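Each remark here refers to the structure printed beneath this line.
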Amino acid sequence: MVGGLKMVSPPPPSPARVRRLQVVANGGGFPAFLPKEVEKIRDPFARALAQRIVRIPVPLQMEKFNGCVMSSCIKPLGQQHCANPVVLLHCFDSSCLEWRCTYPLLDQACLETWALDVLGWGFSELQVLPPCDAASKRHHLFQLWKTYIKRPMILVGPSLGATIAVDFAATYPEAVQKLVLINANAYSEGTGQLAKLPKLVAYAGVRLLKSFPLRLLANVLAFRSVPLPKQIDWTNVGRLHCRMSWWEMATVDYMISGGYNVASQIKLVKQKTLVICSENDQIVNNQLSVKLLCELRNSVFREVPGSGHLPHVENPEHVAELIADFAREDLR
């Protein structure tokens with residue numbers, strides 16, 4: 001019972017229902033700020049979600065930047081009061097399109113769901129580039145939350161996104177009700193030796209990072225069993241944001257800043273946390289998820305069978321159900 005009303009959970013979503021989901025888009029086309037290569041993407045879920053990307057002004061006040069960033073994200077179609085808002089982060093050097101398969105399922109489950117582009121990645125307007133180090137990314141996320149979301153959120157992060165979520169929850173506990181960490185890369189020690197590279201070498205490395213062969217190899221490692229034509233299309237989805245004019249500068253800035261190192265913050269997290277681990281993750285060792293589970297004060301563990309590093313792309317029905325159940329458990 002909530003406010004005198006009996007809350008009834010909708011039935012579990014199915015792929016057939018997702019296909020029937022009507023997506024509210026920007027006049028039926030893609031936003032003008034997306035790279036033109038978005039037209040070549042075949043994945044229907046990526047195309048549908050790309051049409052919903054918007055930019056919203058987020059004020060930033062930092063030592064080296066004082067202004068407003070037009071930040072890209074997917075906004076919920078309306079405010080729901082049956083559960084706290086669900087906010088989706090993405091992996092290292094990715095975008096909100098990473099949630100193309102799971103987002104419509106959470107939408108259909110009547111959860112107020114945001115998918116955000118982390119500062120320095122995604123499709124924001126960054127022609128005047130702010131700092132893109134960990135502290136700036138944290139500040140940007142807080143300002144976006146403070147300006148638009150305004151309620152304690154269920155913060156979801158896969159891989160490096162889980163690291164960002166741990167950092168944020170430990171720093172701004174008032175903004176986070178719960179955490180969902182998927183194949184968390186929470187024990188990495190930042191960007192390591194890359195932070196010491198001369199800028200010229202760093203830029204060369206970043207150009208290699210966005211190359212199609214390297215991205216395709218990363219996809220092959222990330223997914224358990226995906227046909228080559230789909231791997232190629234998903235590679236194009238995953239590197240779409242690399243075509244933004246500011247991407248190289250933002251990525252180099254992050255690299256030489258040292259990145260994230262949150263191992264000491266894990267024990268500071270007090271929020272209830274759902275730790276999700278894939279059965280066949282070839283990128284982050286499953287034992288790290290077990291270690292994380294042991295260090296968190298209030299956590300539960302769920303495994304996604306038959307999935308690789310990105311289960312929210314490869315097995316979205318399972319991941320969406322886990323997130324939805326976790327979001328609503330206090331309402332039962």
Side-chain angles (χ1 to χ4, degrees), residues 13-56 70-78 80 85-118 121-125 144 148-149 154-159 161 180 182 215 219 222-223 226 230-244 247 310-321 323-324:
S14 69
R17 293 181 66 194
V18 173
R19 294 186 191 100
R20 295 195 297 268
L21 184 63
Q22 296 297 313
V23 177
V24 176
N26 296 281
F30 297 109
F33 55 77
L34 291 183
K36 66 182 184 302
E37 288 79 6
V38 68
E39 298 282 356
K40 299 178 182 179
I41 289 171
R42 297 179 180 180
D43 186 312
F45 292 98
R47 292 179 66 89
L49 201 62
Q51 291 181 42
R52 285 187 57 180
I53 298 176
V54 297
R55 284 173 169 172
I56 55 177
M70 295 301 295
S71 303
S72 49
C73 67
I74 311 291
K75 295 173 61 176
L77 299 179
Q80 303 287 340
V86 174
V87 176
L88 309 173
L89 304 176
H90 55 70
C91 295
F92 169 75
D93 191 23
S94 186
S95 76
C96 57
L97 290 180
E98 189 179 297
W99 290 97
R100 58 193 175 272
C101 301
T102 302
Y103 188 99
L105 292 163
L106 297 173
D107 213 12
Q108 194 177 35
C110 299
L111 292 172
E112 180 185 332
T113 306
W114 296 72
L116 307 183
D117 281 338
V118 176
W121 296 312
F123 305 101
S124 299
E125 172 52 70
L144 193 153
Y148 297 99
I149 301 172
I154 299 162
L155 189 58
V156 183
S159 195
V180 179
I182 303 172
R215 294 269 171 167
N219 264 24
F223 299 111
V226 175
K230 183 173 283 190
Q231 287 277 21
I232 291 172
D233 191 48
W234 283 5
T235 299
N236 288 329
V237 174
R239 65 193 292 261
L240 185 65
H241 70 285
C242 299
R243 300 180 183 276
M244 302 300 287
W247 175 82
L310 303 176
H312 49 298
V313 180
E314 203 169 4
N315 197 343
E317 292 86 4
H318 195 141
V319 173
E321 185 176 0
I323 294 173

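Note that this is a predicted model, so its numbers are computed, not measured. Each residue takes its place number in the sequence, starting with 1.
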Point to revise | side-chain contact (heavy atoms from CB on, under 4.5 Å) assessment of Cys73 paired with Ile56 | key: CA-CA 8 Å; Cys73 67; Ile56 55 177; 3.7 Å; yes
Exercise for review: With side-chain contact (heavy atoms from CB on, under 4.5 Å) as the test, would you mind laying out the steps for Phe33 and Met70 before giving the verdict?
Suggested key: CA-CA 11 Å; Phe33 55 77; Met70 295 301 295; over 6 Å; no
Exercise for review: Before giving the answer on side-chain contact (heavy atoms from CB on, under 4.5 Å), spell out for Leu310 and Ile182 the whole-Å C-alpha distance, their side-chain angles and the decisive distance to 0.1 Å.
Suggested key: CA-CA 8 Å; Leu310 303 176; Ile182 303 172; over 6 Å; no
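Across all their heavy atoms, Leu34 and Ala50 have their closest contact at CD1-O, 3.7 Å. Annotation for Leu49 and Cys96: closest pair CD2-O, 3.9 Å, computed over non-hydrogen atoms. The heavy-atom pair separating Asn236 from Ile41 by the smallest distance is O-CD1, 4.4 Å.
Distance check, rounded to the nearest 0.5 Å: OG1 of Thr102 to CG of Leu88 gives 8.0 Å. Note that the CD1 atom of Ile154 and the CD atom of Glu112 stand 10.0 Å from one another [nearest 0.5 Å]. Interatomic distance, CD1 of Ile323 versus CG of Leu105, reported as 10.0 Å (0.5 Å rounding). From His241, atom NE2 reaches atom CH2 of Trp121 across 8.0 Å, with rounding to the nearest 0.5 Å. Atom OG of residue Ser94 and atom CG of residue Leu89 lie 11.0 Å apart, to the nearest 0.5 angstrom. Rounding to the nearest 0.5 Å places CG of Leu116 at 12.0 Å from OG of Ser95.
The shortest side-chain heavy-atom distance between Met244 and Pro35 falls under the 4.5 Å cut-off. Using a 4.5 Å heavy-atom cutoff, the side chains of Glu317 and Asn315 are in contact. Side-chain atoms of Arg52 and Tyr103, non-hydrogen and from C-beta on, do get closer than 4.5 Å to each other. Counting only heavy atoms from C-beta outward, the side chains of Leu240 and Phe123 approach each other to under 4.5 Å.
In this structure, the ring of Trp99 has its center no less than 6.0 angstrom from the ring center of His90.
Qualifying salt bridge (charged side-chain N to carboxylate O under 4.0 Å, His left out) partners for Arg55, counting only residues two or more places apart in sequence or in other chains: Glu125. A search for salt bridge (charged side-chain N to carboxylate O under 4.0 Å, His left out) contacts involving Glu39 returns nothing, not counting sequence neighbours. The salt bridge (charged side-chain N to carboxylate O under 4.0 Å, His left out) search around Arg215 returns Asp93, not counting sequence neighbours.
Under a 3.5 Å cut-off, the side chain of Glu98 and the backbone N or O of Cys91 do form a donor-acceptor pair. Side-chain N or O atoms of Asp233 include one that pairs as donor or acceptor with a backbone N or O of Asp43 at under 3.5 Å. Although no hydrogens or angles enter the test, the distance criterion places a donor-acceptor pair under 3.5 Å between the side chain of Ser124 and the main chain of Ser72.
Cation-pi geometry between Arg100 and Trp234 is satisfied (NZ or CZ under 6.0 Å from the ring centre, within 45° of the ring normal).
Between the side chains of Asn219 and Thr235, at least one donor N or O sits under 3.5 Å from an acceptor N or O.
Of the residues listed (Thr113, Leu144, Ile149), the one engaging Val87 in a side-chain contact (heavy atoms from CB on, under 4.5 Å) is Ile149, and it is the only one.
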